[in-house]
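Taking it in order: structure first as structure tokens, then the write-up.
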There are 2 protein chains.
Amino acid sequence: MSVQDKKTLPMEMFMDLERSGPIPLYFQVSQRIEKAILSGELPAGSRLENEVALGQRLGLSRPTVRRAIQEIVDKGLLVRRRGIGTQVVHGQVTRKVELTSLYDDLTNTHKVPSTHLLTLESQAADVRTAERLGVDEGSPTLHLRRVRLADDVPVAVMENWLPKEFIGIEAADLVAHGLYQVLRSRGVTMRVARQHIGARTSTNDEAGLLEIEKNSALLTMDRTAFDNSGRAIEFGRHCYRPDLYSFEVTLVEK
Amino acid sequence: MSVQDKKTLPMEMFMDLERSGPIPLYFQVSQRIEKAILSGELPAGSRLENEVALGQRLGLSRPTVRRAIQEIVDKGLLVRRRGIGTQVVHGQVTRKVELTSLYDDLTNTHKVPSTHLLTLESQAADVRTAERLGVDEGSPTLHLRRVRLADDVPVAVMENWLPKEFIGIEAADLVAHGLYQVLRSRGVTMRVARQHIGARTSTNDEAGLLEIEKNSALLTMDRTAFDNSGRAIEFGRHCYRPDLYSFEVTLVEK
DNA sequence: TTTGGCCAGTTGTCATGACAATATCAGGTC
DNA sequence: GACCTGATATTGTCATGACAACTGGCCAAA
């Protein structure tokens, strides 16, 4: 009758919830709902069953169901309206930018990533690097410069500085696994990152590395990443070939 | 003794909570805590009082206090660790990118924004526009093209398409208030936006409008915005002078 | 001295219950 | 027919209680 579908889909896919496993219930539920949305089982504009009824059918409390739904709302896939209900957003499927590295991005899109390591050295921190990493000027840092390739085509030139406790990182690891994977394997997990995205004209050096013409446009990203305790872990200045890479950001008003 | 301050600040600033007002309690609490962080009253690295004790002292339940804290964690200002407590992040204050327009951004940074309206017309949707807005190809849309200036210096060239119900928008409103303000005044509130950020070389036309050299680098942003019901409200292709504008994104790993 | 286990502190998850705020819709009244 | 009104449905907010999981430090044993 109205614009949006009124049939609340049955969704009898929740029979296998692990109530004693390590995975939170709300996460199990949100994953299943999200999967249903992305697979088209819950088409755009369709209404979700209301929180109370859904919880009753799954044998879960309303806060648990509510949190599961909220997770998906935060991703921008669902919209809730008081007095109305919860709907799948119209428009195309959106993917939120997550805290991952370019290496992860490329593997997720089924391209074959590889790395040329240009520089791997200990370097005294200059003013800017010291400020970003929260260390004293002149203190040692690990400095690396790499070219990232996807299917053997250069995509990005990446320059990074890390605090001195990472100076032991080996070249082989970086070529094989990407920086964030190496850091994760050393027990460091990124928690917050602050990025600046801009553009500028390429230098001759960068143009050569990226196999593009001199003075052509580059997409740039500066990032400072922090770990669980809020300590700066990495400061990076990256530049990307704009014809091969762009950033996708999904914003949700609260 | 340890790395971080152990003194849990007293914070006797919560005496004026409005329990019957329209503002949620968790929001009142989160605002006060955030203010304390930004003002330096809660310095970087300091520990927050634990959830249970804070709730008891304020006469609030733990879920309410917890939600207040979570709001700030989502902004990247606090970090919680099980078994440890909640700390103010080290590093600089970060500001999350929000769902605002360039006009709002400029007024927030105390620059004086103005607009040159180049085009305001009804236009049949081409394939791409139709797909983005979720309308039929060839159906009427409102097409506008503007130059945004900050302190009389051109910053961006913005081209937008809106569904046909906005065709009545007048030129005077756009020059005076910015697109998003005009839409808000017509009862439309943006809820979700999907943005692609990239870079490319300027055309001669754009270079002239932005008062930069031909073939210099531009920062570009394509956006599709959706309202409360998930319907596409706006599709825009913008390009910015990279020396005057950049995007800031704060990412938080969950 | 070093190692291991125990204990207290803190956040993470989940359940139950209640009331408020808002949107839709049907019906009645002017 | 237009407008008001009330009933209904749904999400928003908040309280209380309980247990699990993780961290760090203390203390005893090897």
Side-chain angles (χ1 to χ4, degrees), chain A residues 1-8 17-31 46-74 78-87 187 189 191 227-229 253-254, chain B residues 1-4 6-8 17-31 46-74 78-87 187 189 191 227-230 253-254:
Chain A
M1 175 184 283
S2 71
V3 180
Q4 48 269 31
D5 270 329
K6 296 208 68 171
K7 64 172 169 22
T8 58
L17 292 179
E18 276 192 281
R19 301 192 72 91
S20 56
I23 305 164
L25 287 170
Y26 73 86
F27 188 74
Q28 296 182 48
V29 174
S30 74
Q31 272 194 322
S46 65
R47 267 184 52 191
L48 209 63
E49 194 172 350
N50 79 69
E51 295 171 353
V52 181
L54 186 56
Q56 206 159 17
R57 218 169 36 127
L58 303 182
L60 295 173
S61 72
R62 189 180 159 209
T64 302
V65 173
R66 187 172 169 74
R67 176 156 182 190
I69 294 175
Q70 190 60 46
E71 294 271 322
I72 308 173
V73 172
D74 289 339
L78 288 177
V79 177
R80 21 179 26 152
R81 280 193 289 170
R82 179 187 304 200
I84 303 292
T86 307
Q87 295 179 325
T189 55
R191 196 61 171 269
D227 70 357
N228 284 327
S229 66
E253 184 97 340
K254 297 224 171 156
Chain B
M1 174 184 288
S2 71
V3 181
Q4 50 269 28
K6 296 208 67 171
K7 63 172 168 26
T8 58
L17 291 179
E18 276 191 278
R19 301 191 72 91
S20 56
I23 305 164
L25 287 171
Y26 73 85
F27 188 74
Q28 296 183 47
V29 174
S30 74
Q31 271 194 324
S46 65
R47 268 183 50 192
L48 209 64
E49 193 173 351
N50 79 69
E51 296 172 352
V52 181
L54 186 56
Q56 205 158 18
R57 217 168 37 125
L58 302 182
L60 297 173
S61 71
R62 188 178 161 211
T64 303
V65 173
R66 186 170 171 74
R67 175 153 183 192
I69 294 175
Q70 190 61 46
E71 293 271 323
I72 308 173
V73 171
D74 289 340
L78 288 178
V79 177
R80 14 178 34 147
R81 280 192 289 171
R82 181 188 301 200
I84 303 292
T86 307
Q87 294 179 325
T189 55
R191 195 61 172 269
D227 70 356
N228 284 328
S229 67
E253 183 96 340
K254 298 231 169 145

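Note that this is a predicted model, so its numbers are computed, not measured. Chain naming here is simple, since letters A, B, ... match the order of the sequence lines and numbering starts at 1 in each.
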Could you write out each protein N or O paired with an N or O of nucleotides 4-7 of chain D at a distance under 3.5 Å?
none

Go through the steps for B:L54 and B:R57 under the test side-chain contact (heavy atoms from CB on, under 4.5 Å), then give the verdict.
-> CA-CA 5 Å; B:L54 186 56; B:R57 217 168 37 125; 3.6 Å; yes
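- The CD1 atom of B:I23 sits 15 Å away from the C1' atom of C:dA21 (whole-angstrom rounding).
- For B:L54 and D:dA15, the CG to P distance is 12 Å, given to the nearest whole Å.
- Look at CZ on B:F27: it is 12 Å from P on D:dC14, rounded to the nearest Å.
- Using a 4.0 Å heavy-atom criterion, one finds that A:G59 contacts the sugar-phosphate atoms exclusively.
- Protein atom CG of A:L25 is 12 Å distant from nucleotide atom P of C:dT16, rounded to whole Å.
- Between A:Q56 and A:E49, the closest side-chain pair of non-hydrogen atoms is not below 4.5 Å.
- Looking at B:Q28 and B:L25, their side chains come closer than 4.5 Å, going by heavy atoms from C-beta outward.
- How far CZ of B:R66 is from OH of B:Y26: 15.0 Å, rounded to the nearest 0.5 Å.
- Dashed line: the shortest gap from a side-chain N or O of B:T64 to OP1 or OP2 of D:dA15 is under 4.0 Å.
- Once rounded to the nearest 0.5 Å, the distance linking CG of A:N50 with CD1 of A:I69 reads 8.5 Å.
- Atom CG of B:L78 is separated from atom CD of B:E71 by 11.5 Å, given to the nearest 0.5 angstrom.
- For the pair B:S30 and B:I72, the tightest heavy-atom approach, listed with the atom from each and the gap, is O-CD1, 3.4 Å.
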Classify every nucleotide of nucleotides 7-12 of chain C by which part a protein heavy atom approaches to under 4.0 Å, writing B for the base, S for the sugar-phosphate alone and - for neither, in 5'-to-3' order.
-> --BBBB
